[in-house]
Amino acid sequence: MDHTESRDGTDEPTDDTRTTPAPGPAPSPASEPASASGPVPASGRTLDPEPRPDPAPQPQPQPAPESAKKRRRPWVRRVRRTVLVLALVLILPLAAVETALRVNYMGDPADGTHTRNRDAMWLGHAWVDGRKKDADVTALAGRLRDTGVRDLYVHTGPLEHDGTLPTSVYPRARWFIDAVHRELPGVRVQAFLGDVLANGGPEGLELSDAATRAEVVRSAGQVLDTGYEGVHMDLEPLHSDDEHYLDLLDDLRKLTKDRDAQLSVAAHQIDPLPHLHSVAGLVADHPKWWSQEFFGQVARRVDQIAVMSYDTARLFESTYGGYVAQQTSLALEVTPPTTHLLMGLPFYYENNPSHWGHAETVAAAVRGARLGLSRTDPDRELFGLAPYIDFAATETNWKEFEDGWVR
């Protein structure tokens, strides 16, 4: 902020008037030398033969009242100090983070960091509610056949807030499962079940309630009875270190093991800075990140864990790619080799403060995932990418996925 302060000082005397010597006895004519300009006094200075009127006094600048200066200066200084502190606390760290992410996007991925034929894809609800037909499955199969996609997470609920799942919301599930097995042998179909959690607002599913968790497990058994080969859970917003969620996963894992089915989850992003989820929790009811430790606790309880590595608020393609590279490394560090890790890809375009479409491109996400894989565990077999979501995908999304990852 620019502010001009008054100058502090006193008025100085000016030399606009001349001083006339005090009158004395007149000198004698004999002792008075002739002068063209008049008589010369003892001092040697020439006097005007006739007195001149004094010039009009000039107005002098008046200093600001001392009381006003005292009131203004401390306020200005406080504002300047506040602006400076905010710049140091907010702008500089953000600039440092953006620079670090840009650097993280540099370099070349290692050879061989391409699909392991263990990729997955999220699909919308239209596949099981009656809107899709045989021709749609044939077209989907044609799109996926030459890729590495081997798991389909098909939106089959949302769950009711009490954990139950009406069978009326997925009347065509059996038809779709059979059609996929016919068109795409070897591809598994998992039931994508989700709900809003009560910790994100006044209403939602309450994980702390044991009866509600028991209903979620019963709903999972219900979709397995329909023919699904796995259960994919997506509960949001899920706070880091939620012990009730871990209890739910333990119960679900018993069920899926007994049924020889997969248990997979959609996972929040990992703290890009240590304890960021705790700091964010001070200003938001539902912080975005999990601690790396909690991510590892979840990963050890499931067969597959898919990171929702989009909606990152990154402004540039390079910093988004660097962020995905960082997330991939952080996830690989704590995911056991027996758990299948997947990094989500944004197969959609939006522009809002949490997702800038020009920055969050599939090409940047693919390259970032390959860089993270190269630096952390290039030989990891149980690793893949997971596009989200089929109904919003563009031809550009598919091309960037195939060129960068499938090859």
Side-chain angles (χ1 to χ4, degrees), residues 97-122 143-144 146-151 266-267 269-273 292 295-296 299 304-349 355-388 393-407:
V97 168
E98 291 296 300
T99 301
L101 293 177
R102 189 181 296 269
V103 170
N104 207 32
Y105 193 59
M106 298 171 65
D108 296 319
D111 293 338
T113 52
H114 300 293
T115 183
R116 278 92 163 107
N117 293 315
R118 297 181 182 277
D119 304 312
M121 186 168 193
W122 281 282
R143 175 65 84 179
L144 298 178
D146 296 328
T147 68
V149 173
R150 296 295 179 268
D151 283 279
Q269 296 158 27
I270 301 172
D271 282 341
L273 297 172
Q292 190 182 34
F295 187 97
Q304 297 177 332
I305 184 167
V307 184
M308 296 180 285
S309 42
Y310 36 76
D311 294 344
T312 65
R314 303 271 66 83
L315 296 175
F316 305 102
E317 193 173 20
S318 59
T319 55
Y320 171 61
Y323 185 86
V324 174
Q326 180 197 49
Q327 287 293 307
T328 303
S329 293
L330 291 171
L332 283 168
E333 288 171 358
V334 293
T335 301
T338 54
T339 298
H340 183 183
L341 173 66
L342 297 124
M343 302 303 295
L345 304 179
F347 266 43
Y348 60 95
Y349 188 96
H355 181 107
W356 299 108
H358 66 274
E360 294 200 20
T361 65
V362 172
V366 169
R367 187 170 185 275
R370 291 185 62 205
L371 285 169
L373 180 64
S374 302
R375 294 164 181 163
T376 312
D377 192 355
D379 297 324
R380 175 78 65 119
E381 281 299 317
L382 293 180
F383 181 86
L385 302 182
Y388 178 91
T394 66
E395 287 300 319
T396 299
N397 297 152
W398 282 109
K399 187 177 188 309
E400 291 177 351
F401 172 60
E402 291 165 359
D403 290 350
W405 181 245
V406 178
R407 300 213 172 176

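Counting from 1, the numbers follow the sequence of the chain as shown. This structure is a prediction, so every number in the text was calculated from the model and none was measured.
The shortest non-hydrogen separation linking Q292 to V334 is CG-CG1, 3.5 Å. The nearest pair of heavy atoms linking M106 to L371 is O-CD2, 4.1 Å. The two atoms that bring W405 and R116 nearest to each other are CZ2-N, 4.4 Å, heavy atoms only. Nearest heavy-atom pair across P346 and Y320 is CD-OH, 3.5 Å. R102 and S318 make their closest contact through NH1-OG, 3.2 Å (heavy atoms, listed as atom of the first residue, atom of the second, distance).
Using a distance-only test at 3.5 Å, with no hydrogens or angles considered, a donor-acceptor pair links the side chain of Q269 to the main chain of Y310. With hydrogens and angles ignored, the 3.5 Å screen pairs a side-chain donor or acceptor of S309 with a backbone N or O of G344. In this structure, the side chain of Q326 engages the main chain of P272 through a donor-acceptor pair within 3.5 Å. In this structure a side-chain-to-backbone donor-acceptor pair under 3.5 Å is missing from T335 to L332. Judged purely by atom type and a 3.5 angstrom limit, H114 has no side-chain atom pairing as donor or acceptor with the backbone of R407.
In this structure the side chain of L385 reaches within 4.5 angstrom of the side chain of V366, judged on heavy atoms. In this structure, the side chains of I270 and E333 stay at 4.5 Å or more apart for every pair of heavy atoms. For the pair L341 and V307, the minimum side-chain heavy-atom distance is below 4.5 Å.
Residues satisfying the side-chain hydrogen bond (donor to acceptor under 3.5 Å, both in side chains) test with Y348, not counting sequence neighbours, are D311, H355. Partners of S329 by side-chain hydrogen bond (donor to acceptor under 3.5 Å, both in side chains), not counting sequence neighbours, listed by chain and number: T376. Shown here are the salt bridge (Lys or Arg N to Asp or Glu O under 4.0 Å) partners of D151, two or more places apart in sequence or in another chain: R188. Listed by chain and residue number, nothing satisfies the ring-ring contact (aromatic ring centres under 6.0 Å, His included) test with Y105 (two or more places apart in sequence, or in another chain). Every side chain to side chain contact (heavy atoms under 4.5 Å, CB included) that L315 has, sequence neighbours left out, goes to W356. By the side chain to side chain contact (heavy atoms under 4.5 Å, CB included) test, A110 is found to be paired with T113, S374, residues two or more places apart in sequence or in another chain being considered. By the salt bridge (Lys or Arg N to Asp or Glu O under 4.0 Å) test, E395 pairs with R143, sequence neighbours left out. Residues passing the side-chain hydrogen bond (donor to acceptor under 3.5 Å, both in side chains) test with T394 are N397, sequence neighbours excluded. Listed by chain and number, the residues in a side chain to side chain contact (heavy atoms under 4.5 Å, CB included) with N117 are T115, R150 (sequence neighbours excluded). Taking the side-chain hydrogen bond (donor to acceptor under 3.5 Å, both in side chains) definition, one finds that T361 meets it with E317, sequence neighbours left out. With sequence neighbours left out, the side chain to side chain contact (heavy atoms under 4.5 Å, CB included) criterion links A386 to A120, W122, L342.
If you take CZ on F401 and CG on L345, they are separated by 6.5 Å, rounding to the nearest 0.5 Å. Distance CG/N104 to CG/L101: 6.5 Å, rounded to 0.5 Å. Between the CG atom in D108 and the CZ atom in R370 there is a gap of 9.0 Å [rounded to 0.5 Å]. Considering OG1 of T339 and CZ of F383, their distance stands at 14.0 Å, rounded to 0.5 Å.
For Y349, the OH atom is densely surrounded, since the number of other residues' heavy atoms within 6.0 Å is greater than 12.
Counting only residues at least two apart or on different chains, the salt bridge (Lys or Arg N to Asp or Glu O under 4.0 Å) pairs with a member in residues 371-383 are D377-R380.
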